[in-house]
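First up is the structure itself, then whatever we jot down about it.
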Amino acid sequence: QVQLVESGGGLVQAGGSLRLSCAASGSIGVITAMGWYRQAPGKQRELVARITRGGATNYADSVNGRFTISRDNAKNTVYLQMNSLKPEDTAAYYCNVDDMRWGTRWGQGTQVTVSS
């Protein structure tokens, strides 16, 4: 199995920055795409950003230009640099990976709270 451990969430004022990390470990096959999703209370989980093994990225319109996703294939780790945070970015953020052996796997989530 693949385990995902997220870190970096917390409380920040509007306009501030946070960096999320998600490290995959265990019996990893080949991780293709890695991404971040978020879910605010009362809302559906939504894609924030995604990155392929080759480095191609896509972002939600709401975060484009403010957030940057990156990955270290050697460390099986994905990062999300979040700048110019807004109160509407407040949510639980979930790491997601696609492993060729184990399929799609989710992290346990890390809370991001942006105060106004």
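This is a predicted model, so every value here is computed, not measured. By convention here, the first residue in the shown sequence is residue 1.
- Under the 3.5 Å distance criterion, the side-chain polar atoms of Asn76 are left unmatched by any main-chain donor or acceptor of Ala23.
- A distance-only check finds no donor-acceptor pair linking the side chain of Gln81 to the backbone of Thr68 [under 3.5 Å].
- When side chains are defined from C-beta on, Asp99 counts as touching Ile28, because their heavy atoms get closer than 4.5 Å.
- Side-chain atoms of Asn73 come within 3.5 Å of backbone atoms of Arg53 as a donor-acceptor pair (strictly under, hydrogens ignored).
- Distance check, rounded to the nearest 0.5 Å: CZ of Arg19 to OG of Ser17 gives 12.0 Å.
- Around CD of Gln44, the count of heavy atoms belonging to other residues, nucleotides or ligands within 6.0 Å does not exceed 12.
- Atom CE of residue Met82 and atom CH2 of residue Trp36 lie 8.0 Å apart, to the nearest 0.5 angstrom.
- Under the 4.0 Å criterion applied to side-chain N and carboxylate O atoms, Asp98 and Arg50 are assigned as salt-bridge partners.
- With hydrogens and angles disregarded, no donor-acceptor distance shorter than 3.5 Å links the side chain of Gln3 to the backbone of Ala24.
- Of all the heavy atoms in Asp72 and Ala74, the pair that sits closest is OD1-N, 3.0 Å.
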Decide yes or no on side-chain contact (heavy atoms from CB on, under 4.5 Å) for Leu80 and Val48, but give the supporting numbers first. CA-CA 9 Å; Leu80 185 68; Val48 176; 4.1 Å; yes

Please determine whether side-chain contact (heavy atoms from CB on, under 4.5 Å) holds for the pair Val12 and Thr113, giving the CA-CA distance in whole Å, both sets of side-chain angles, and the decisive distance to 0.1 Å. CA-CA 6 Å; Val12 65; Thr113 302; over 6 Å; no

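- A donor and an acceptor atom, one from each side chain of Arg66 and Asn64, are nowhere located under 3.5 Å apart.
- For residues 79-108, the set of pairs meeting the ring-ring contact (aromatic ring centres under 6.0 Å, His included) definition, not counting sequence neighbours, comprises Tyr37-Trp106.
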Walk me through it: do Thr110 and Leu20 pass the test side-chain contact (heavy atoms from CB on, under 4.5 Å)? CA-CA 8 Å; Thr110 184; Leu20 305 183; 4.0 Å; yes

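- Nearest approach of Leu4 to Cys22, heavy atoms of both residues: CB-SG, 3.9 Å.
- Contact between Ser27 and Val2 at its shortest, heavy atoms only, is O-CG2, 4.2 Å.
- Here ring-ring contact (aromatic ring centres under 6.0 Å, His included) pairs that include residues 42-67, with residues two or more places apart or in two chains, number zero.
- At a threshold of 4.5 Å between non-hydrogen side-chain atoms, the residues Arg38 and Asp89 count as touching.
- Of all heavy-atom pairs spanning Ala40 and Ala91, the tightest one is N-CB, 3.8 Å.
- When all heavy atoms of Thr32 and Arg71 are compared, the closest pair comes out as O-NH1, 2.5 Å.
- A 4.5 Å side-chain heavy-atom check between Gln1 and Arg105 finds at least one atom pair inside the cut-off.
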For Leu18 and Asn83: C-alpha separation, side-chain torsions, deciding distance, then whether side-chain contact (heavy atoms from CB on, under 4.5 Å) applies. CA-CA 7 Å; Leu18 285 173; Asn83 298 328; over 6 Å; no

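- Side-chain atoms of Glu6 come within 3.5 Å of backbone N or O of Gln108 as a donor-acceptor pair.
- Between Val78 and Cys95, the shortest heavy-atom distance links the atoms CG1-SG, 3.9 Å.
- Of the possible polar contacts, one joining the Thr77 side chain to the Lys75 backbone as a donor-acceptor pair under 3.5 Å is found.
- At a threshold of 4.5 Å between non-hydrogen side-chain atoms, the residues Val114 and Gln13 do not count as touching.
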